[in-house]
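What you see below is based on every heavy atom in this structure, not just the backbone, and it leaves out hydrogens, waters and symmetry mates. When a ligand or atom number is given, it counts from 1 through the structure's own listing order.
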Amino acid sequence: MSLPKIAIVTGANRGIGLATVRGLLKKYEGKVYLTSRDEARGQDAVASLNKEGLKPAFQQLDTASKTSINNLKDYVVEKYGGLDILVHNAGILYKKDDPTPYPERAKTTVQTNYFDTVNVLNALLPVMKTGGRVVTLSTNISLIALQGCRDDIKSFFRSDDLTEKMLSDKMKEFVVSAEEGKHDENGFDEHAYGMSKLGVNALTRIMARDLKGQRDILINCCCPGWVRTDMGGENAPFSPDQGAQIPLKLAMLPADSTEPNGELHVRRKLVKWYE
Ligand SMILES: NC(=O)c1ccc[n+]([C@@H]2O[C@H](COP(=O)([O-])OP(=O)(O)OC[C@H]3O[C@@H](n4cnc5c(N)ncnc54)[C@H](OP(=O)(O)O)[C@@H]3O)[C@@H](O)[C@H]2O)c1
């Protein structure tokens, strides 16, 4: 008996994550898991989809907790033998008027958006099944951050030979520089959210390169556009369902696809940001 296909979306209790779950439930022939760090908020989101006649499964996942990530991994391996689709969507952005001091904002933003992504991918990529599709959420602000970096730092992020360790060391260097007020002096752009997602772009590229040829797994990142969510605010032009279009497309690349792989899509446009 073959096990059912399974898709997981992180940070799916609201916003683009919730819309991605909705889209998968409508289009994907497999079990779709809505995950949320908070059980009650997750169950409320499940109930809201139930009202639309959609039936997601639910698992708790706090991407800041390695225990929580490993519990999810063990669950999918035991129940499904692995994972077919992973959309890692959970992320944070401090509001412009947030009073949190810059060093703390930089540290927390890079931890959540970059280092938690490292942990999620390192735990779950090994259990992706043949034909697996992985999508990480980035932003075009990462490209503005890249432009704001000194030339040697730009070249670093664009390098074909980066390793995860080199990249993580550089992201730590950015955080320490921000904490010491030396980010400018050390060649980094000031925008912590943009820097954190620049890290996601580079990480996605490294992981795609390292996985190439193995089990037909494709991993890509995307910017959903400016989307009306708690993060994007009410003036954004795109609805969450419109924002979910590109993660959905990359999550459901046809079985025989060999590309895109390791690439960034800003909405539907492929952007070779590293050239
Ligand atoms: N909205 C935009 O215009 C826009 C543009 C470009 C990129 N993006 C990216 O798209 C993704 C989704 O954005 P959004 O607009 O939907 O944001 P959102 O409305 O603020 O939702 C963020 C989601 O991430 C979850 N999350 C944060 N930290 C988490 C953790 N440690 N564990 C599990 N879940 C966690 C939140 O859970 P809680 O409810 O528990 O806080 C929430 O479900 C983000 O990665 C964002 O950077 C958004």
Side-chain angles (χ1 to χ4, degrees), residues 8-23 33-46 48-49 56 58-72 86-96 98 105 107-121 123-124 134-145 191-201 203-204 220-248 250-251 264-267 269 271:
I8 286 183
V9 183
T10 71
N13 53 293
R14 58 188 165 103
I16 296 161
L18 177 60
T20 303
V21 169
R22 179 185 292 111
Y33 275 81
L34 183 158
T35 71
S36 166
R37 61 176 151 185
D38 182 88
E39 173 98 27
R41 286 199 289 273
Q43 294 295 358
D44 284 351
V46 168
S48 75
L49 289 173
F58 176 76
Q59 281 292 306
Q60 190 271 347
L61 174 64
D62 181 352
T63 59
S65 158
K66 282 191 178 175
T67 305
S68 179
I69 297 170
N70 282 326
N71 287 346
L72 182 76
L86 171 66
V87 180
H88 177 48
N89 159 84
I92 59 161
L93 166 66
Y94 282 87
K95 301 269 182 220
K96 275 203 176 101
D98 192 292
R105 275 189 282 139
K107 187 177 181 188
T108 309
T109 303
V110 171
Q111 179 61 48
T112 304
N113 293 351
Y114 174 75
F115 285 107
D116 292 355
T117 301
V118 171
N119 293 338
V120 167
L121 295 183
L124 295 179
V134 181
V135 186
T136 53
L137 268 286
S138 183
T139 166
N140 59 351
I141 296 170
S142 65
L143 306 179
I144 300 167
H191 205 298
Y193 176 71
M195 288 302 300
S196 72
K197 296 287 190 173
L198 178 57
V200 170
N201 299 350
L203 181 72
T204 304
N220 290 288
C221 58
C222 62
C223 171
W226 184 21
V227 182
R228 281 190 304 281
T229 60
D230 292 338
M231 184 184 288
E234 60 190 22
N235 295 326
F238 297 117
S239 69
D241 288 331
Q242 288 171 317
Q245 283 168 353
I246 186 62
L248 284 168
L250 295 172
L264 168 69
H265 280 74
V266 176
R267 288 196 55 78
K269 190 164 180 264
V271 177

| What is the nearest protein non-hydrogen atom to atom 32 (N) of ligand 1, stated with its residue, atom name and distance? | T63 N, 3.0 Å
| task | Specify the protein heavy atom at minimum distance from atom 44 (C) of ligand 1: its residue, its atom name, and the distance to 0.1 Å. | result | N89 O, 3.2 Å
| Hey, does T10 sit under 4.0 Å from ligand 1 if you only count heavy atoms? | no
| task | Check the pair R105 / D98 against salt bridge (Lys or Arg N to Asp or Glu O under 4.0 Å), numbers first and verdict last. | result | CA-CA 9 Å; R105 275 189 282 139; D98 192 292; 5.3 Å; no
| message | Please identify which of these residues, N220, T204, N201, meets the side-chain hydrogen bond (donor to acceptor under 3.5 Å, both in side chains) condition with S138. | response | N201
| message | Using a strict threshold of under 4.0 Å (side-chain N to carboxylate O), is an ion pair present between D241 and R22? | response | yes
| said: Could you tell me if T10 and T63 have a donor-acceptor pair between their side chains, going purely by distance under 3.5 Å? | reply: no
| field | From the candidates M231, R41, R267, the one that places a heavy atom nearest atom 46 (C) of ligand 1 | value | M231
| message | Give the atom numbers and elements of ligand 1 that come within less than 4.0 Å of a heavy atom of T139. | response | 6 (C), 7 (C)
| task | Return the minimal non-hydrogen interatomic distance between A145 and M195, and the atom names on each side. | result | CB-N, 3.8 Å
| message | If you measure every N or O of C223 against every N or O of ligand 1, does any of those distances drop under 3.5 Å? | response | no
| query | Any non-hydrogen atom of K197 lying under 4.0 Å from ligand 1? | reply | yes
| Ligand-side contact atoms (ligand 1) for residue partner W226, heavy atom cut-off under 4.0 Å | 3 (O)
| request: Can you pull out the closest protein heavy atom to atom 14 (P) of ligand 1? Residue, atom name and distance to 0.1 Å, please. | output: T229 OG1, 3.6 Å
| remark: Of all protein heavy atoms, the one nearest atom 2 (C) of ligand 1 is V227 N, 3.6 Å
| query | Side chains of Q60 and S68: is there a donor and an acceptor less than 3.5 Å apart? | reply | yes
| field | Pairwise distance NE2(H265) to CD1(I246) - rounded to 0.5 angstrom | value | 5.0 Å
| query | Out of P237, G15, P224, who gets a non-hydrogen atom closest to atom 6 (C) of ligand 1? | reply | P224
| Where does N140 meet ligand 1, judged by heavy-atom distances below 4.0 Å: at the side chain, the backbone, both, or neither? | neither
| task | For R37 and G11, indicate whether the former's side chain and the latter's backbone hold a donor-acceptor pair under 3.5 Å. | result | no
| note | Under 4.0 Å from one or more heavy atoms of D62, ligand 1 contributes atoms 30 (C), 31 (N), 32 (N)
| task | Using non-hydrogen atoms of the residue, decide whether S138 is closer than 4.0 angstrom to ligand 1. | result | yes
| said: Using only atom types and a distance under 3.5 Å, with no angle test, would you say the side chain of T229 pairs donor to acceptor with the backbone of G232? | reply: yes
| Atoms of ligand 1 close to A64 [distance to a heavy atom under 4.0 angstrom, numbered from 1] | 31 (N)
| request: Would you mind listing which atoms of ligand 1 come within a distance below 4.0 Å of any non-hydrogen atom of D230? | output: 19 (O)
| Minimum heavy-atom separation for T136 to C221, with atom names? | OG1-CB, 3.0 Å
| From C222, S142, A90 - option closest to atom 26 (N) of ligand 1 by heavy atom | A90
| note | Among non-hydrogen protein atoms, atom 42 (C) of ligand 1 lies closest to R14 NE, 3.6 Å
| message | Which option wins on minimum heavy-atom distance to atom 4 (C) of ligand 1: A12, G232, G225, A19? | response | G225
| task | Write out the residue and atom name of the closest protein heavy atom to atom 8 (N) of ligand 1, then the distance separating them to 0.1 Å. | result | Y193 OH, 3.7 Å
| note | Between G42 and L34 the two heavy atoms that sit nearest each other are O-CD2, 3.9 Å
| Main-chain N/O of S142 paired to T139 side chain as donor or acceptor, under 3.5 Å | no
| field | Residue, atom name and distance, where the atom is the protein heavy atom closest to atom 22 (C) of ligand 1 | value | G91 O, 3.7 Å
| request: May I ask whether L93 places a heavy atom under 4.0 Å from ligand 1? | output: no
| message | Counting non-hydrogen protein atoms only, what is the nearest one to atom 33 (C) of ligand 1? Give residue, atom name and distance. | response | L61 O, 3.5 Å
| query | Given that the side chain starts at C-beta and the backbone is N, CA, C, O, which of these parts of I16 lies under 4.0 Å from ligand 1, counting heavy atoms, or is it both or neither? | reply | both
| query | Under 6.0 Å from the NZ atom of K269, do we count more than 12 heavy atoms belonging to anything else shown? | reply | no
| field | Polar atom proximity, N13 to ligand 1 (N or O, under 3.5 Å) | value | yes
| Under 3.5 Å between some N or O of ligand 1 and some N or O of G11? | yes
| Non-hydrogen atoms of T112 and D116 that approach each other most closely | O-CB, 3.2 Å
| note | Shortest non-hydrogen pair, P247 vs V135, comes out as O-CG2, 3.8 Å
| query | Based purely on interatomic distance, does D116 place a nitrogen or oxygen under 3.5 Å from a nitrogen or oxygen of ligand 1? | reply | no
| query | Are any side-chain N or O atoms of R267 and backbone N or O atoms of G225, one a donor and one an acceptor, separated by less than 3.5 Å? | reply | no
